[in-house]
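Below: one structure, written as structure tokens.
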There are 2 protein chains.
Amino acid sequence: MDVIPKENIQQASEGLRAIAHEVRLSVLCHLMAGPMCVNDLIKATGASQSNLSQHLAKMRMMGIISNEKRGQQVYYRIANPEFLELVHVLKHIYCPEACLPADGEA
Amino acid sequence: MDVIPKENIQQASEGLRAIAHEVRLSVLCHLMAGPMCVNDLIKATGASQSNLSQHLAKMRMMGIISNEKRGQQVYYRIANPEFLELVHVLKHIYCPEACLPADGEA
DNA sequence: TGCTAATATAAGCAAGTTCTAATCTAGAAT
DNA sequence: ATTCTAGATTAGAACTTGCTTATATTAGCA
């Protein structure tokens, strides 16, 4: 059925690559619950400061997350609701209930 | 909110990586419409025979697709309905209506 | 003003991915 | 038997990613 536009495939695979990494996916999962500052993300993900910062930069440049300075901390949030949807589906697929305690808690 | 199991993150990111490539994603998109043989997938994706075969092998080993010999051809199909769901969401996100002609046509 | 905490950036190496070209296998057809 | 077709496998080069270490930036504070 109608050929799938090559450009869309390209963009979609690029988007997937942007979240197809343990640290980055972990960040997104944590950000689902609301904005967090870098230091908390370091603790949450277990990545090193520099490493996490680089992963954040990558997702920032892809428009997946955005940041905002509040006092001494920089807070990150999910900027693109579509990625939130994607992570939701992933959670649904890969998390055996445990991850979805109430199913509604923005 | 409750810590996300590291193992799940790991599996999810591995699953994402398995489809985060133009050729592999293209294959999955085409297989959504039903099984196809390798030769048709070569034409559909534009990849070389060897290259496509390698991508198919990777997804086969991840349990995403399965194959079946019919006469001289080997037919591939999506073996894991969860990945079908994932691709659906991707299409929804990245394809501007054009890709979803009727929305129901297994 | 100089220090410290919080984060970003840069450089370089190690590891992983993807592609091409060549070879291999199995079944059909001649 | 040989040849053809469909597809898989292997090897290695080229490219990409990810990590570590070191350095830069910037705001608040003493």
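Order of the sequence lines sets the chain letters (A, B, ...), proteins ahead of strands, with each chain counted from 1.
Distances shorter than 4.0 Å separate none of the side-chain N or O atoms of N39(A) from OP1 or OP2 on dA5(C). In this model, the phosphate group of dT17(D) is not approached by any side-chain N or O of R24(A) to a distance below 4.0 Å at OP1 or OP2. Side-chain N/O atoms of Y76(A) include one lying less than 4.0 angstrom from OP1 or OP2 on dA8(C). Look at H55(A) and you won't find any side-chain N or O under 4.0 angstrom from OP1 or OP2 of dT17(D). The shortest distance between the side-chain N/O atoms of N51(B) and the OP1/OP2 oxygens of dT18(C) is not below 4.0 Å. K58(A) has a side-chain polar atom (N or O) that falls below the 4.0 Å cut-off from OP1 or OP2 of dG18(D). Side-chain N/O atoms of R17(B) include none lying less than 4.0 angstrom from OP1 or OP2 on dG16(C). Residue R60(B) places at least one side-chain N or O under 4.0 Å from the OP1 or OP2 atom of dT9(D).
Atom-to-atom distance recorded for L84(A):CG and M32(A):CE is 5.0 Å, nearest 0.5 angstrom.
Across all non-hydrogen atoms, the minimal contact from S26(B) to I9(A) is CA-CD1, 3.8 Å. In terms of heavy-atom proximity, I42(B) sits nearest to A47(B) at CG2-O, 3.5 Å. Nearest approach of N80(A) to G63(A), heavy atoms of both residues: CB-O, 3.6 Å. Of all non-hydrogen atoms in A20(A) and R17(B), the two that sit nearest each other are O-NE, 3.3 Å.
Following rounding to the nearest Å, N67(B) (CG) and dA26(C) (C1') show an atom-to-atom distance of 15 Å. Rounded to an integer number of Å, the gap from CD of E68(B) to C1' of dA6(D) is 16 Å. Atom CD of E14(B) is separated from atom C1' of dT17(C) by 14 Å (rounded to the nearest Å). When the P atom of dA6(D) is taken as reference, atom CG of L41(B) falls 14 Å away, rounded to whole Å. Atom pair I42(A):CD1 and dC19(D):P shows a separation of 14 Å (rounding to whole Å applied). As a whole-Å value, the separation of K69(B) NZ from dA8(D) P is 8 Å. Computed from coordinates, the Q73(A) CD to dT4(C) C1' distance equals 14 Å when rounded to whole Å. Separating the CG atom of L52(A) from the P atom of dT7(C) is a distance of 10 Å, rounded to the nearest angstrom.
At distances below 3.5 Å, not a single donor-acceptor pair connects side-chain atoms of S53(A) with backbone N or O atoms of Q49(A).
For H21(B), the side-chain atoms get nearest to dT18(C) when compared with the rest of dA10(C), dT18(C), dT9(D). Closest to the side chain of Q54(B), from the set dG7(D), dT18(C), dT10(D), is dT10(D). Side-chain atoms of A57(B) lie closest to dT9(D) of the nucleotides dA8(C), dA6(C), dT9(D).
Judged by atom type and distance alone, Q49(B) reaches the base of dA8(D) through a side-chain donor-acceptor pair under 3.5 Å. Residue S50(A) places no side-chain atom within donor-acceptor reach of the base of dT7(C), judged by atom type and a 3.5 Å distance cut-off alone.
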